[in-house]
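Take a look at the structure set out below.
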Protein chains: 4
Amino acid sequence: MSGLPIDPGVVAHHNEPRAAALAEDYDALGARLARRGIDIAAVTAKVAGFTVAVPSWGVGTGGTRFARFPGEGEPRGIAQKLQDCAVIQQLGRATPRVSLHIPWDRAPAAELRDRAGALGLGFDAMNSNTFQDHPDEPAHRLSYRFGSLSHTDPAVRAQAVAHNVECIEIGRALGSRALTVWIGDGSNFPGQSHMGRAFERYLGAMGEIYAALPEDWRLFSEHKMYEPAFYATVVQDWGTSLLAAQALGPKAACLVDLGHHAPNVNIEMIVSRLAHAGKLGGFHFNDSKYGDDDLDAGAIDPFRLFLVFNELVDLDGPGFDPAYMIDQSHNVTDPIESLIRSADEIRRAYAQALLVDRTALAGFQDDNDPLMASEVLKAGFRADVDPILARARLDAGGAIDPIGAYRVSRYRARVAAERPAVRGGGGGIT
Amino acid sequence: MSGLPIDPGVVAHHNEPRAAALAEDYDALGARLARRGIDIAAVTAKVAGFTVAVPSWGVGTGGTRFARFPGEGEPRGIAQKLQDCAVIQQLGRATPRVSLHIPWDRAPAAELRDRAGALGLGFDAMNSNTFQDHPDEPAHRLSYRFGSLSHTDPAVRAQAVAHNVECIEIGRALGSRALTVWIGDGSNFPGQSHMGRAFERYLGAMGEIYAALPEDWRLFSEHKMYEPAFYATVVQDWGTSLLAAQALGPKAACLVDLGHHAPNVNIEMIVSRLAHAGKLGGFHFNDSKYGDDDLDAGAIDPFRLFLVFNELVDLDGPGFDPAYMIDQSHNVTDPIESLIRSADEIRRAYAQALLVDRTALAGFQDDNDPLMASEVLKAGFRADVDPILARARLDAGGAIDPIGAYRVSRYRARVAAERPAVRGGGGGIT
Amino acid sequence: MSGLPIDPGVVAHHNEPRAAALAEDYDALGARLARRGIDIAAVTAKVAGFTVAVPSWGVGTGGTRFARFPGEGEPRGIAQKLQDCAVIQQLGRATPRVSLHIPWDRAPAAELRDRAGALGLGFDAMNSNTFQDHPDEPAHRLSYRFGSLSHTDPAVRAQAVAHNVECIEIGRALGSRALTVWIGDGSNFPGQSHMGRAFERYLGAMGEIYAALPEDWRLFSEHKMYEPAFYATVVQDWGTSLLAAQALGPKAACLVDLGHHAPNVNIEMIVSRLAHAGKLGGFHFNDSKYGDDDLDAGAIDPFRLFLVFNELVDLDGPGFDPAYMIDQSHNVTDPIESLIRSADEIRRAYAQALLVDRTALAGFQDDNDPLMASEVLKAGFRADVDPILARARLDAGGAIDPIGAYRVSRYRARVAAERPAVRGGGGGIT
Amino acid sequence: MSGLPIDPGVVAHHNEPRAAALAEDYDALGARLARRGIDIAAVTAKVAGFTVAVPSWGVGTGGTRFARFPGEGEPRGIAQKLQDCAVIQQLGRATPRVSLHIPWDRAPAAELRDRAGALGLGFDAMNSNTFQDHPDEPAHRLSYRFGSLSHTDPAVRAQAVAHNVECIEIGRALGSRALTVWIGDGSNFPGQSHMGRAFERYLGAMGEIYAALPEDWRLFSEHKMYEPAFYATVVQDWGTSLLAAQALGPKAACLVDLGHHAPNVNIEMIVSRLAHAGKLGGFHFNDSKYGDDDLDAGAIDPFRLFLVFNELVDLDGPGFDPAYMIDQSHNVTDPIESLIRSADEIRRAYAQALLVDRTALAGFQDDNDPLMASEVLKAGFRADVDPILARARLDAGGAIDPIGAYRVSRYRARVAAERPAVRGGGGGIT
């Protein structure tokens, strides 16, 4: 793979002085786990096999409605975005697939496939966009100001359906096998929209999209409590998302974004309930303290991320195959660095969940021994699995310290010199 | 009805000096509504036909886990509770039915029927109790400390099922036609309980209860976000309640308690979604600012209550028949007073919702005119419908000013003299 | 005032067929209030004397980080903004002052004064902006990406201080007498910023601004829980705002934006506490359901707005002089319409609060009669004061139905023809 | 100390087979930390020196307002409570002091001192109780139903003040040096209480208590958002607590209970702000997901606990001396076990915070490198410090695995045989 964006020699050179300490730590952890009856090599192999998609839009600097402060060397266009994604994968080895967003990533399919292939990347779920207007788009005539798939005007709904169908077609050409539909539809004021009829319109439009799905595709409906609608959102919680997925059919399932819930909600329980209903489609990983803050996964509440993975490991088995994707907004960090560490943090939660002694846990649960049950669970979380994560990266050709290697590579400075500066500015408030 | 707890002459005497002002206000409001094309008499008739059940336990003073400060003349036993409920109905004329709680209200059915009949009361939904231990109860051998219908031990589940089946049998003898099941089952610590298996056990136990339902009964599952379980509650939100009602069958539906949701949740949207799913069973009315505060309906956010009734009026039609009940905890007020005004507040929201010009509203919704849509809706809410409420009470034999009449009647002082004081004390914390 | 943006004849013509009904409703309400011992004319006079400032930026269409959907005829530049503000005042007669935002509203002072004067407008508090970069600004060299008044780099702090001092100077020239400082400073990740040192830097910079305040000016510090910072915000709540105002001196006070609090917080209590501390500076009115939604005042929880005004009426007296301003984001409505009704809604809350029988209320409070105390309070809220609001507008030369008159005036269509379309686009996410 | 409640031989016997693995893990961690320049022995010494008080009431089973399910062998009276506290200290070696609650723990001072001394225990802050009625108490004549220190009736306030003064006197005799005042005062309905006057009454009463403080004592005011009051609480947040502490004087400071905040609030920032104001008095540790859940420390969000300790370690220095206490409700676990592990979890957070490289952290903060700053911080949190905690316990004479040793000791079964069963029952709802 001579097409890799960072000189492999730089990575190897960065790894070299760190290898001995890693080996020592890995062995110490291995010995400790062995005492608990856990084979560290088996855990490492599982971790190495766990991957998560990165969003193409995640490599650009994000912002709030107040401002966006552009970073240096921001990518313009999908080609540069793929290059940045390749850096993340080269160093972290956890993110071999990119999730595209149409129309932002519109490009000839063959070109996209070739370029991604050369970088060692594939394509994950497609994402449509009917929460913004794109007047430059071929078929975009009507505004989504008052909604898209649930709009009162059938012509707007038809336009939004057609856009989603086009996303499916683009995805087919790229090898994707899923479409994620998130809409901002909703209302800002009580009375603005009839909540029942809006939902029926949404179901009707989603039914048309569903009808256009290839046989082996999945359709993910993604709920969100609020924003951009501030009074009522059409698909506001997992209950509504479930009703939609039930109405659509077996290829439809629910996507859980960790930041789209009401305060205090137990997200891991939603994971469990959706799995019970056969409708757990996948995840958008990120972390948040207040609303849909879209911070780096595990940055605010790493134990919550672990508890989600505890459910996933518990649910794992034949046919269990949720889609995993990162969905974050990188406002103050280098997006490449944030995505590298977020993927790592997600793997960390997975590794910790793998360490839970499930036989003991089930026993304490059956015996109604809350203290020991919670201690057994936390024993997984408390483990410092850094050596496992580093070893998985190293064995796959990545970096022991991927952020450090990235900085040493001076990739950002290089592309900053090549890419023209992007102007910042305000968000909705200007 | 010579059996009424308050001398009708006292009520009539209290009404007399207030009648003229009421007539004047009623006429002025009628004239104003007529200008909007609304017939005040028709609205008053609908309001008069709207009733809500009171909970037998609501006439006792409630408390928190920190303390309970008993009021004077608290009722002991169902006979005294029915008497207090009859006061509420006599003065307010909005609450002709009582909802019983077993085992608290256990008594011979014929005696209950007779007593209620003499007071002009009927019986609403039955409520089971598996969130407390009742060691004095005939069949109560096993503790619910670690759950009831979802307990890991089949014997505990069987005991809880049998208790619910007994509640159905008691209800049949009393003329009730619904069973409300709320359980406190859940866990306080991550790991304590397997969330998926607990839900399956719950569904299994509920299935046994469902099988015991008479043909014309309904079974309400009631969700609650938290408390008494503080990490994960088995039926934590409407999504899980919906899954349960779907699994059980057509006689099962979901009950919405206004205080059982996450912060900021849009409750009227849940009403709309459950109605869409054909699973809107009924309501427990109360108000809250923080958690399940169980305050008087409309005390904290009267507009929210109105928005719920806006959905109900919109949904109204053949076959639409949710169960309406108050469920509050009266910690610092005279429970009779709180229940009188809460029923009134609920009727207020209903009356205001009836005033909404739904044709105009639908037009503004279709035209995407958020400002006028929300103004049309608020025009209903802003109306001061006090004269309609008072007239509906007066015409039905109640009081123009029911709280005032109650105080003049000196009912509380009378029963305080008859009923021995109840000792207060702490809640869970002592 | 021939310079008014809408032909006064149009307003008069619109009022004419509505005058009789208003007179009838006003008299009926007057009779009802007289029975309670309230003189409706006195209330109307107080309401007519209550005014609130509009923000210059509020007349443009707002947006979210996802998108901004521009409206027709959006104002460009402060001249057009003042014209739109004059429409609001002409029809509603509640908003005679405009609050400017620098650098958005930069213009020669004499020109601004003349233009505003011709439109019958004055200037309220000045607002600085250090939450965005303005590379076109004279003295803006350094980025606020990582903060402004609390930035680690003294040069950035100095730039932000200089900007605020310039805002004071501009305001002096315009007749303003207050500066509102809201900063977005904070951090997205635990560890990113040292919370104690950041606050000390903030206090230092604010001290320099304070030193530049004219004798008769006030300095308002405005707190906000989160957004744009998503982990820790330097001035995150009223406690921190209070510490700042205490440290700065007697001219500093706290500004309360109704949407800047944690979920479930009792805002009226904060009003009471700040008044107790002598540090209640003023308000930014808006409404919200989830976060800082910036919806129209009273749109989501009108009772909460009333409770705030209940405190204000209670606190009113010599020397009590908070600054009142609207701060909203109009994403889906015509901003002029939203501001007209928001000002009206604020006056509604004030009028309702004036109707509360404070002697009776104090009596019930002293007697620990919670039910009657809350009923006395709600009696104020339940009153339909529409006739009072309309009469106050009419008497001052405004419209009985200001939204209706505005639509009839076709002002928006007229300016849409004159003003070039503004391009929409995304917010921070693009 | 032959008076220890558990045979030291049992502990030694339990430690013996675990010592080798601990040594191995300790050495491996030591080697790893040494590579970061950290001396594990120094960290262990600091951890060993960190202690936290246990509440006497914490060794009883708690409950909710719905029910209390008593455990086996619950302690009756302060003598048995001290015995249970001694178990916690004997095994965990982190909790040498007990915090008493009056009137629950009333007993002759000499007897208490002797008993505690024999068990190796001392006394921490005293806690008064004016949130319940105690009709059996000598001076308790008036009810706290409508408040205590802020009651409208001066006689009730005087009774509450006298109770607090008595708590100080009891504490003096026991060697305590602080009084913690938490009151449940507040209101359930808007209008029920005048928020400003209630606060002034509170300040007046607290001033009388303050006047009775010995020279070397501290007075802690503890805020709480809600419960038992559900609309407005007199001391609702840290801002109000700060105003009180400022008004009272230098011996007054604020106590932070981790569960007493609004949803999403950044608690570590409050710690920082109170320290800035010189008013950080101490902590009540526990964890929570929804409200004041009073769960075991670190059970729900261990990273949040770490972030609090990150502030504490950062603030540490001469004169920095907050009071540390656990305040939990153990509803489903053996309270002894919960307190052992909670103390351990608190020490874990402290140990992890000690591992943070503060020089590097400050550098990244100054350089505005959010990613590296947060990674440096998390490096502390990610460390598995189990070996340090175990070693600190072992070296002090405690157990390597204190829960395991406790179970082996069969202490609970022994006291269950000695102590009569306590009847359960409901909370406020019965």
Side-chain angles (χ1 to χ4, degrees), chain B residues 57 60-71 104 129 131-135 143-146 184 187-192 225-233 262-264 287-296 299-300 329-333 338 422-430, chain D residues 57 60-71 104 129 131-135 143-146 184 187-192 225-233 262-264 287-296 299-300 329-333 338 422-430:
Chain B
W57 61 95
T61 301
T64 69
R65 66 180 167 127
F66 294 98
R68 197 181 81 86
F69 298 98
W104 298 338
N129 179 334
F131 53 85
Q132 292 181 329
D133 283 342
H134 303 276
S143 173
Y144 295 132
R145 183 178 204 192
F146 293 109
S187 55
N188 274 6
F189 299 103
Q192 176 182 341
M225 192 197 200
Y226 73 100
E227 194 208 27
F230 292 117
Y231 163 65
T233 294
N264 302 344
D287 211 341
S288 53
K289 184 164 179 61
Y290 304 99
D292 184 28
D293 308 336
D294 278 332
L295 301 178
D296 295 9
I300 298 298
S329 180
H330 309 109
N331 304 354
V332 294
T333 56
S338 271
V422 178
R423 190 183 156 85
I429 290 181
T430 41
Chain D
W57 61 95
T61 301
T64 68
R65 67 179 167 128
F66 294 98
R68 197 182 80 87
F69 298 99
W104 299 338
N129 179 336
F131 52 86
Q132 292 180 329
D133 282 342
H134 303 277
S143 173
Y144 296 131
R145 184 178 204 193
F146 294 108
S187 56
N188 273 6
F189 299 103
Q192 176 182 341
M225 191 196 201
Y226 72 100
E227 193 207 29
F230 292 117
Y231 163 65
T233 294
N264 302 346
D287 211 341
S288 54
K289 184 166 180 61
Y290 304 100
D292 185 26
D293 308 336
D294 277 333
L295 301 178
D296 295 10
I300 298 296
S329 180
H330 310 109
N331 304 354
V332 294
T333 55
S338 271
V422 177
R423 192 182 155 85
I429 290 182
T430 40

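In what follows, every chain begins at residue 1, and chains take the letters A, B, ... in the order their sequences are listed. The model shown is predicted, which means the values in this text are computed figures rather than measured ones.
Taking every heavy atom of both residues into account, D/Gln132 and B/Ala67 meet most closely at CG-CB, 3.8 Å.
A heavy-atom distance below 4.5 Å is found between the side chains of B/Phe230 and D/Thr64. Residues D/Arg65 and B/Asn331 are not in side-chain contact: their nearest non-hydrogen atoms beyond the backbone lie 4.5 Å or more apart.
The parts of D/Asp296 that come within reach of chain B are both its backbone and its side chain, each placing non-hydrogen atoms under 4.5 angstrom from that chain. With a threshold of 4.5 angstrom between heavy atoms, B/Asn264 does not approach chain D through any atom at all. Both the backbone and the side chain of D/Thr333 come within contact range of chain B, with heavy atoms under 4.5 Å apart. Using a 4.5 Å cut-off between heavy atoms, D/Pro263 touches chain B through its side chain atoms alone.
When each of D/Val332, D/Asn129, D/Ile300 is checked for heavy-atom pairs under 4.5 Å with chain B, D/Val332 comes out on top. Heavy-atom pairs under 4.5 Å with chain B were tallied for D/Gln192, D/Lys289, D/Glu227; the largest tally goes to D/Glu227.
Atom CG in B/Asn188 sits 10.5 Å away from atom CG in D/Asp294 (nearest 0.5 Å). To the nearest 0.5 Å, atom CG of residue B/Asp133 and atom CZ of residue D/Phe69 are 5.0 Å apart.
Remark: of the listed residues B/Tyr290, B/Tyr226, B/Tyr231, B/Tyr226 is the sole one forming a side-chain contact (heavy atoms from CB on, under 4.5 Å) with D/Tyr290.
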